[in-house]
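Worksheet: the structure to be examined is printed underneath.
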Amino acid sequence: MSEPTIEDYYHEERTFQPSAEFVAAANAGDRSLYDEANTDLAAFWARQAREFVTWFRDFDTPLEWNLPDAKWFVGGTLNVSYNCLDRHVDAGLGERVAFHWEGEPGDTRTITYAELLDSVARFANGLKSLGVRRGDRVAIYMPMIPELPMAMLACARLGAAHSVIFGGFSPDSIRDRVNDAEAVCVITADAGYRRGAPSALKENVDEALADCPSVTSVVVVNRCDTEVTMAEGRDHWYHDLVAAASADCPPEHMDSEDLLYLLYTSGTTAKPKGIMHTTGGYLTQVAFTHHYTFDLKADRDVYWCAADCGWVTGHSYIVYGPLANAATSVMYEGTPDTPRAEFRAGARGEWPKDRFWDIIERYGVTQLYTAPTAIRTFMKWGADEPARHDLSTLRVLGTVGEPINPEAWMWYHAHIGGGTCPIVDTWWQTETGGHMIAPLPGVVSTKPGSATFALPGIGVEVVDDHGVPVKHGGGYLTLTQPWPAMLRGIWGDPDRYRATYWSEYEGRYFAGDGAKVDEDGYLWLLGRVDDVMNVSGHRISTTEVESALVDHPAVAEAAVVGATDETTGQAIVGYVILRGGHDASDALGEEIRQHVAKKLGPIARPKQVVLVPDLPKTRSGKIMRRLLRDVAEGRTLGDTTTLADPNVFDEIRRRAAGASGED
Ligand code: WTA
């Protein structure tokens, strides 16, 4: 059979149907969930809340809605860690594997639900012995090891909110997040494995904590056996803490609206937002969507979400959704291009780039959930890599984090999904907590590149500049009604919450994404419409990078744009004007580039820094980023009539061609 071509797929009218066999066995094989939700929204979610969650006390009212404040399942009490652990063990599932964990060097651990409960209870008691209490905040800065979900669940058990900080963030980022949340404790590790070598974490925490007065204790997991400094009285080894702790830790009874966690994400200003998620509604929606979007059969599936717990995808679809559903998951510490130990002796380049496919084959993975940027990287490495492995256990493939281009969708479908697995393209955000737009794989026919329709119980409309719904065509994505896992606010900043999300279009949540609706009503996501970049599925604000650039002593002014990039979706390009007395050189450009990595973390390092004599500005002094994007993407310039000095571009172009950066 010849390879399918783009033309075979990339037609709005071209759709993929799930097989009759898939539909017959699907968790949702007809439209009844949509019908039920359309009939009575609150009753629909109330039913899901009682089906997916075990309540200590049943709730009285499903929803109280006073825009922009929602309360879901009012009066109910529950504990999220009890729902993820105890109830499964009580139901006789203690021996079921919760995590098949694989470290980057190839070490493995198999953790059952009974073992996970034991570890979490001890961890919770250990935290208690350090003074962590219900209502506190705990920061977590860890590699992808089992102690990371354990730490999250231990906090949930005590009723302390966690704030997970992605391991790629810098000491400055840790400091800002810890201080904003006034965290009392930080949980970390000496280091984590990253591309074959330990990457230090504790050192970054030490640097950050020089300026964090609220923190009284630090817990350190020994992952890599690297040398660390332990501050007497403040720092504690995890293994000592749990060895001394009892495995009996009754879960706190939390109110449905109590804070479960904070997760900081980039907005359009330099200050990250602490997104607030609570317990009852959040758990209901992540368990519901995990069950239906991935068509989970908990007693036989081996589900793998290849994200990092430092992002919301890891929170909802590695930890809380799968564990609430008693799923068996794979968890992997490293990067897709780190080879197995047996290959590492060879020279780089000779290594097979098949770590993912090897993992899928060995564990018999049934669902794979990853990002388009990873899929495009796999495409570059070639179809031979997956072809050497038996991937026939896969049933459903998922994508998240950015729009998926039809070519990548097709490649994923053909080479990973064997031409038969439904692909669920899931649109959602840190703020939404769980999936919002995605196909139910047994119900909705898919189109390559479209996230299809709102899930049952979710209201989505695309509107024009005036907030009027668009029947067909392009506009802005809005959400028309509250949903259980919605953010409850921005930590410490209720005004910013209302202004950012609920003020742009009256009565609607503004997502910050552009979208179009096709003739069949399918939704196509078109990327961010604000100053937020999406680099490899990670949200980074242009303002954040600009302030890191101007923080360098040689920089007078900076403008940052996200330029379209074949692999990472967008790439960060910084245009910089130097202060007097500094001469432009490659070395200085590189130094400034590295300065951003130091300030914000390596994920925010610009791909290119261009040192320019001037920036394109309007006569009122506003930087015209649109034109800089044209330059970065090698296009002819758009409308330049509002430019104060139209000649500024000749020099910018010349400098861009020779600027320092990657590759
Ligand atoms: C983008 C990640 C198109 C979007 C879960 C959104 C997507 C932002 C998709 C949220 C998708 C996420 N198709 N775009 N399937 N999923 N996005 O908060 O721009 O890290 O606003 O949450 O990612 O990113 P966040």
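One-based numbering, in listed order, for ligands and for the atoms of each. Below, all heavy atoms of this structure are taken into account, side chains as well, without hydrogens, waters or symmetry copies.
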Y501 and Y509 aromatic centres sub-6.0 Å: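 Yes, the ring of Y501 comes within the 6.0 Å limit of the ring of Y509, centre to centre.
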
Could you see which bit of [X] sits under 4.0 Å from ligand 1, with heavy atoms only: side chain, backbone, both or neither?
| X | answer |
| --- | --- |
| N534 | side chain |
| I404 | neither |
| A451 | neither |

Is the closest side-chain donor-acceptor distance between D513 and W427 under 3.5 Å?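 Result is yes, a qualifying pair exists.
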
Specify the protein heavy atom at minimum distance from [atom]: its residue, its atom name, and the distance to 0.1 Å.
| atom | result |
| --- | --- |
| atom 24 (O) of ligand 1 | R539 CD, 3.1 Å |
| atom 19 (O) of ligand 1 | D513 OD2, 2.9 Å |
| atom 13 (N) of ligand 1 | E402 O, 3.3 Å |
| atom 5 (C) of ligand 1 | W428 CE2, 3.5 Å |

Proximal atoms of ligand 1 relative to [X] (non-hydrogen, under 4.0 Å):
| X | result |
| --- | --- |
| R528 | 6 (C), 19 (O), 21 (O) |
| T426 | 9 (C), 11 (C), 15 (N), 16 (N) |
| V312 | 5 (C), 22 (O) |
| V400 | 5 (C) |

Pair D176-K271, salt bridge (Lys or Arg N to Asp or Glu O under 4.0 Å): steps then yes or no: CA-CA 9 Å; D176 293 349; K271 189 179 176 330; over 6 Å; no

Stepwise side-chain contact (heavy atoms from CB on, under 4.5 Å) check, T399 with I375: CA-CA 9 Å; T399 76; I375 298 166; 3.8 Å; yes

Write down the atom of V462, the atom of G474, and the distance for their closest heavy-atom approach.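 Result for this residue pair: CG1-C, 4.1 Å.
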
Would you say G401 contacts ligand 1, with heavy atoms under 4.0 Å as the rule?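 True for this residue.
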
Would T430 count as a polar contact of ligand 1, with the cut-off being nitrogen or oxygen pairs under 3.5 Å?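 Right, the criterion is met.
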
Under 3.5 Å between any N/O of T313 and any N/O of ligand 1: does that happen in this structure?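 No, since none of the N or O atoms of T313 sits under 3.5 Å from an N or O of ligand 1.
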
Out of W45, W483, W502, which residue meets the ring pair (Phe, Tyr, Trp, His ring centres under 6.0 Å) rule with W65?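 Of all the options given, the one that passes is W502.
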
Any idea how F378 and F356 line up, ring-wise: parallel (<30°), tilted (30 to 60°), or perpendicular (>60°)?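 Rings of F378 and F356: tilted, 30 to 60°.
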
State whether Y505 and R508 meet the cation-pi test: NZ (Lys) or CZ (Arg) under 6.0 Å from the six-membered ring centroid, and within 45° of the perpendicular axis.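 No, R508 does not lie over the aromatic ring of Y505.
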
Does R625 pair with E546 as a salt bridge, N-O distance under 4.0 Å?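 The answer is yes: the pair qualifies as a salt bridge.
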
